[in-house]
Amino acid sequence: MKKIIIGICLLVAGISLKAATFDKDTIKTSDGDLVITFIGHGTLMMEFNEKVIHIDPVGMFADYSALPKADMILVTHSHGDHLDVNVIKLLKKEATVVVMTESCKETYPDGLVLKNGDSVNYFDIDVDAVPAYNIKHVRSEGNPFHPKGEGNGYVLHFGDINVYVAGDTENIPEMADLKEINIAFLPMNLPYTMTPDMAADAARMFMPKILYPYHFGETDTRELVELLNTEKEIEVRIRELK
């Protein structure tokens with residue numbers, strides 16, 4: 001019994017330590033610092049002017065009891081590695097805004113639905129929903145892993161800094177419409193999203209100043225770095241976002 005208790009204590013301590021040691025980057029904006037916490041996979045946390053935004057929070061990637069509660073939660077689509085109802089309930093405060101797609105409503109009916117092209121403003125932060133879908137990568141029966149219109153990417157405006165979180169998508173034509181993107185998160189895992197070549201092509205469409213590959217699984221991120229090594233305007237930053 002004593003060994004079991006010690007083992008449980010070590011496990012809990014390990015989870016808490018994991019929650020406390022995520023990498024963070026601080027970005028200067030015209031309205032104050034933006035702090036980005038890299039949790040894992042497609043899961044991020046952003047803090048700006050004392051507001052906390054959780055993006056695709058999922059319990060398999062963090063102990064959310066050790067992280068701050070949300071003022072805003074953004075969900076890109078309904079797949080279980082992006083939508084976790086239990087975590088949403090854990091993170092919610094009375095005034096928390098939960099933004100999601102129509103396909104998420106079956107699982108979590110209380111969120112605010114944004115369709116591709118919709119925008120909202122909360123806490124002086126503009127949030128634009130943009131398309132996220134597959135063209136090339138499909139299931140065995142021919143259906144895209146992420147059909148057009150069912151998922152969102154999000155562009156968040158923090159002062160003079162615009163952050164694009166692409167969601168699960170390929171290098172779709174609509175990316176050419178993105179303007180003045182300072183920071184971008186692009187997914188890069190197969191067969192669900194993009195190859196390094198596709199991610200490089202996507203980046204060249206809108207030329208972010210900082211590019212984070214995320215949701216990259218076992219894909220070698222060094223390939224993306226090499227593909228973009230001549231694009232001096234783009235700084236590729238690698239973080240723990242498998």
Side-chain angles (χ1 to χ4, degrees), residues 38-44 54-62 74-85 87 100-108 114-116 129-155 163-178 181 183-208 210-229 231 234 236-242:
F38 309 99
I39 292 175
H41 199 62
T43 300
L44 304 164
H54 286 277
I55 301 173
D56 286 350
V58 176
M60 73 178 79
F61 305 119
L74 303 179
V75 182
T76 60
H77 62 291
S78 61
H79 290 172
D81 57 336
H82 296 264
L83 171 59
D84 186 329
V85 171
V87 171
M100 54 179 46
T101 66
E102 183 67 41
S103 63
C104 298
K105 293 284 280 186
E106 294 181 11
T107 306
Y108 185 81
L114 289 190
K115 297 179 180 179
N116 298 166
V130 297
Y133 62 93
N134 290 106
I135 297 172
K136 178 179 178 181
H137 296 136
V138 299
R139 302 181 188 276
S140 58
E141 61 273 22
N143 298 318
F145 286 105
H146 303 93
K148 187 173 184 178
E150 289 191 7
N152 284 338
Y154 295 104
V155 179
V163 180
Y164 172 43
V165 181
D168 278 11
T169 187
E170 292 178 10
N171 49 333
I172 56 176
E174 291 90 339
M175 288 182 179
D177 298 327
L178 297 169
I181 299 297
I183 299 167
F185 289 85
L186 293 178
M188 198 173 67
N189 67 318
L190 293 177
Y192 309 105
T193 60
M194 290 191 271
T195 65
D197 284 292
M198 295 167 80
D201 176 70
R204 291 188 182 103
M205 288 192 210
F206 57 88
M207 300 296 289
I210 299 172
L211 170 60
Y212 296 100
Y214 84 141
H215 196 331
F216 53 76
E218 299 304 319
T219 303
D220 188 349
T221 54
R222 291 174 297 182
E223 293 184 36
L224 180 63
V225 174
E226 181 63 25
L227 286 164
L228 292 174
N229 68 356
E231 302 292 350
I234 301 175
V236 181
R237 295 186 182 180
I238 308 301
R239 299 294 184 264
E240 290 293 329
L241 290 166
K242 294 181 73 171

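Predicted, not measured: the structure shown is a model, and the values here were computed from it.
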Heavy-atom closest pair (G153 atom, A132 atom, distance to 0.1 Å) is N-CB, 3.7 Å
N116 and G149 have their tightest heavy-atom pair at OD1-CA, 3.7 Å
CG of D168 to CE of M194, rounded to nearest 0.5 Å, is 9.5 Å
Heavy-atom closest pair (I39 atom, F61 atom, distance to 0.1 Å) is CG2-O, 3.6 Å
P208 and A203 have their tightest heavy-atom pair at CD-O, 3.4 Å
Applying ring pair (Phe, Tyr, Trp, His ring centres under 6.0 Å) to Y133 and not counting sequence neighbours gives none
When every non-hydrogen atom of P213 is compared with those of M188, the smallest separation belongs to CB-CE, 4.1 Å
Rounded to the nearest 0.5 Å, the CD1 atom of I135 sits from the CG atom of N171 at a distance of 7.0 Å
Residues at least two apart in sequence or cross-chain that pass salt bridge (charged side-chain N to carboxylate O under 4.0 Å, His left out) with E150, listed by chain then number, are none
**Asked** Going by heavy atoms in the side chains, are L228 and R204 under 4.5 Å from each other?
**Response** yes
Between F145 and H79, is the side chain to side chain contact (heavy atoms under 4.5 Å, CB included) condition met? List the steps. CA-CA 10 Å; F145 286 105; H79 290 172; 5.5 Å; no
Minimal heavy-atom distance between A176 and M205, with the atoms involved, is N-SD, 3.8 Å
F38 meets the ring pair (Phe, Tyr, Trp, His ring centres under 6.0 Å) criterion, sequence neighbours left out, with Y212
By side-chain contact (heavy atoms from CB on, under 4.5 Å), N189 pairs with (sequence neighbours left out) Y192, T193, H215, T219
Value for CE (M100) from CG (D56), rounded to nearest 0.5 Å, stands at 10.0 Å
message = Could you check whether any side-chain heavy atom of L186 comes within less than 4.5 Å of a side-chain heavy atom of L224, counting everything from C-beta outward?
response = no
Output for pair (T101 OG1, N152 CG), nearest 0.5 Å, gives 6.0 Å
### Message
Could you check whether any side-chain N or O of E170 sits under 3.5 Å from a backbone N or O of H137, counting only pairs where one atom can act as donor and the other as acceptor?
### Response
yes
Exercise for review: Determine whether I234 and M207 make a side-chain contact, defined as any pair of heavy atoms from C-beta on separated by less than 4.5 Å.
Suggested key: yes
Rounded to the nearest 0.5 Å, the NE2 atom of H146 sits from the OG1 atom of T76 at a distance of 7.5 Å
**Prompt:** Do V87 and V58 pass the side chain to side chain contact (heavy atoms under 4.5 Å, CB included) test, and can you show the C-alpha distance, the side-chain angles, and the key distance before you say yes or no?
**Reply:** CA-CA 6 Å; V87 171; V58 176; 5.8 Å; no
- Task: Please say whether more than 12 non-hydrogen atoms of neighbouring residues, nucleotides or ligands are located less than 6.0 Å from CZ in R237.
- Result: yes
Separation between CG (N134) and NZ (K148), nearest 0.5 Å, reads 12.5 Å
Margin query: With heavy-atom distances below 4.5 Å as the criterion, would you say the side chains of V165 and L44 are in contact?
Written below: yes
Given the options Y214, Y164, Y154, F185 meets ring pair (Phe, Tyr, Trp, His ring centres under 6.0 Å) only with Y214
Residue set satisfying salt bridge (charged side-chain N to carboxylate O under 4.0 Å, His left out) with E218, at least two apart, ordered chain then number -> K242
Task: Candidate pair V155 and I181, rule side chain to side chain contact (heavy atoms under 4.5 Å, CB included), full reasoning - done: CA-CA 8 Å; V155 179; I181 299 297; 4.0 Å; yes
Hits for salt bridge (charged side-chain N to carboxylate O under 4.0 Å, His left out) against K136, two or more places apart or cross-chain, chain-then-number order -> none
Worksheet entry | CD/E231: more than 12 non-hydrogen atoms of other groups inside 6.0 Å | yes
